[in-house]
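Heads up: the structure comes next, in structure tokens.
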2 protein chains.
Amino acid sequence: MIRLLLADDQALVRGALAALLDLESDLEVVAQVGRGDEVVEAARASGAEVCLLDIEMPGLNGIDAAAALRRELPGTRSLIVTTFGRPGYVRRAIEAGASGFVVKDTPSRQLADAVRRVHAGLRVIDPDLAAESLIDGPSPLTGRERELLTYALDGSPVATIAARVHLSEGTVRNHLSAAIGKTGATTRSEAARIAQDRGWL
Amino acid sequence: MIRLLLADDQALVRGALAALLDLESDLEVVAQVGRGDEVVEAARASGAEVCLLDIEMPGLNGIDAAAALRRELPGTRSLIVTTFGRPGYVRRAIEAGASGFVVKDTPSRQLADAVRRVHAGLRVIDPDLAAESLIDGPSPLTGRERELLTYALDGSPVATIAARVHLSEGTVRNHLSAAIGKTGATTRSEAARIAQDRGWL
DNA sequence: AGCTCGCCGTGACACCTGTCATCGAGCCAC
DNA sequence: GTGGCTCGATGACAGGTGTCACGGCGAGCT
């Protein structure tokens with residue numbers, strides 16, 4: 001009997017996944033949480049062996065939760081289950097110590113197998129995503145560029161961003177200009193979108 | 001036995017919801033589709049009585065799918081099940097003939113009850129969302145404004161948008177300026193975001 | 001017929017943005 | 001220490017953007 005923890009912020013999806021996995025005779029959902037910062041505690045209390053983690057969660061994202069799990073409970077394995085198959089996410093998830101990466105587009109029958117493989121100590125990674133994350137390479141963005149791009153995601157004017165990070169307007173423009181060059185974009189909004197698509201933010 | 005159809009573009013979520021609902025002794029999932037434009041055909045072929053529709057789907061969105069269902073198979077009822085509880089979505093869903101509107105944040109135990117109520121001819125609508133959609137009122141945007149805002153969502157420059165819709169640059173700026181005023185924004189990106197949040201796009 | 005309203009266009013103006021050249025401070029390698 | 005690198009900052013300039021005033025067209029209503 002493999003003991004599972006589910007972490008997803010959408011209660012309906014969480015409950016549905018639990019129903020799906022409980023159908024398998026060798027799997028057992030022993031904990032469910034809706035926030036990333038509750039994962040470690042719930043995993044410890046429930047004695048979960050494999051944790052299924054969504055990426056977008058309040059409190060702590062799934063990748064950071066996987067890192068926390070590796071640090072606090074090294075025996076527990078993590079499987080990222082997310083909507084967005086962004087190359088940078090895969091890379092960061094593996095670096096954070098996750099054992100697997102599955103997108104929510106995969107057929108539901110394959111999920112249980114993925115869980116079993118992860119539990120057995122194998123790596124489970126969507127092959128297309130793995131290839132993409134290899135050719136893309138790691139993020140070329142510097143820390144500031146990444147930070148400013150996240151603020152530029154919603155199209156905020158430069159002045160607003162500059163005020164938020166306590167920088168000069170010209171400096172913000174320069175960093176964003178560099179990011180625009182690195183992403184091959186022509187606008188800071190486009191650059192932000194591209195960076196997000198690749199999982200660089 | 002209530003016959004159900006599931007429409008959601010994420011196979012994993014679809015399969016999981018099927019597992020959840022099949023646990024109920026009076027519910028039976030008789031069809032699953034991953035595209036909005038396959039809903040009517042699948043509902044006809046399977047004889048589904050209640051259709052659970054996600055909004056974001058390729059081919060046809062869930063609201064338009066509900067409208068198509070009312071037109072083609074008036075006896076079939078629709079229940080919108082979506083991630084985003086946007087006020088405008090609720091209004092449009094009801095106008096399109098949907099019998100219910102549930103967000104994916106709701107506890108999974110309540111889903112089966114919602115399905116039963118819809119099947120019985122009742123309306124099931126998240127009370128908070130219903131209130132919001134009432135105070136917000138309908139979209140104040142004209143057709144062009146709405147169209148141009150969707151193109152402005154990713155922060156495209158005015159010239160690009162103008163070329164895409166075969167309009168003059170000045171005209172595009174004027175329409176977007178009107179939309180900016182109506183949304184209370186100061187930038188076309190912000191206006192687009194606000195309009196999207198309210199379900200006006 | 002007048003009237004309103006949505007839609008398309010032009011021109012002008014103030015302001016914002018992206019790019020470039022340039023500078024200084026800190027840090028690491030040789 | 002010198003050279004090379006990144007980060008932060010400034011200033012200047014061309015081009016993009018939001019706003020306003022104005023005009024014209026067609027559809028629908030009184």
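Order of the sequence lines fixes the chain letters, A, B, ..., with proteins taken first and strands second; residue numbering starts at 1 for each chain.
For the pair B:Arg3 and B:Glu28, the minimum side-chain heavy-atom distance is below 4.5 Å. Inter-residue side-chain proximity for A:Leu27 and A:Val29 is flagged as unmet; no heavy-atom pair is nearer than 4.5 Å. Taking the side chain as every heavy atom from C-beta outward, B:Arg198 and B:Glu132 never approach each other to under 4.5 Å.
Remark: C1' of D:dT6 and CG of A:Leu141 are 14 Å apart, rounded to the nearest angstrom. Following rounding to the nearest Å, B:His175 (NE2) and C:dT10 (C1') show an atom-to-atom distance of 14 Å. One can place CD of B:Glu145 at 14 Å from P of D:dG18, the figure rounded to the nearest angstrom. Protein atom CD1 of B:Ile180 is 11 Å distant from nucleotide atom P of D:dC20, rounded to whole Å.
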*Nucleotide by nucleotide, 5' to 3', does protein get under 4.0 Å of the base (B), only the sugar-phosphate (S), or neither (-) in nucleotides 9-16 of chain D, counting heavy atoms?*
BB-B----

*Should B:Val33 and B:Arg35 be marked as a side-chain contact (heavy atoms from CB on, under 4.5 Å) after you check the CA-CA gap, both sets of side-chain angles, and the distance that decides it?*
CA-CA 6 Å; B:Val33 299; B:Arg35 303 177 48 86; 5.9 Å; no

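Ion pairing between A:Glu147 and A:Arg144 holds under the 4.0 Å rule for side-chain N and carboxylate O.
Taking a 6.0 Å sphere around CZ of A:Arg164, one finds it holds more than 12 heavy atoms contributed by other residues, nucleotides or ligands.
In this model, the phosphate group of D:dG8 is approached by a side-chain N or O of A:Arg144 to a distance below 4.0 Å at OP1 or OP2.
Residue A:Leu176 is out of contact with every strand shown, counting any heavy-atom pair closer than 4.0 Å.
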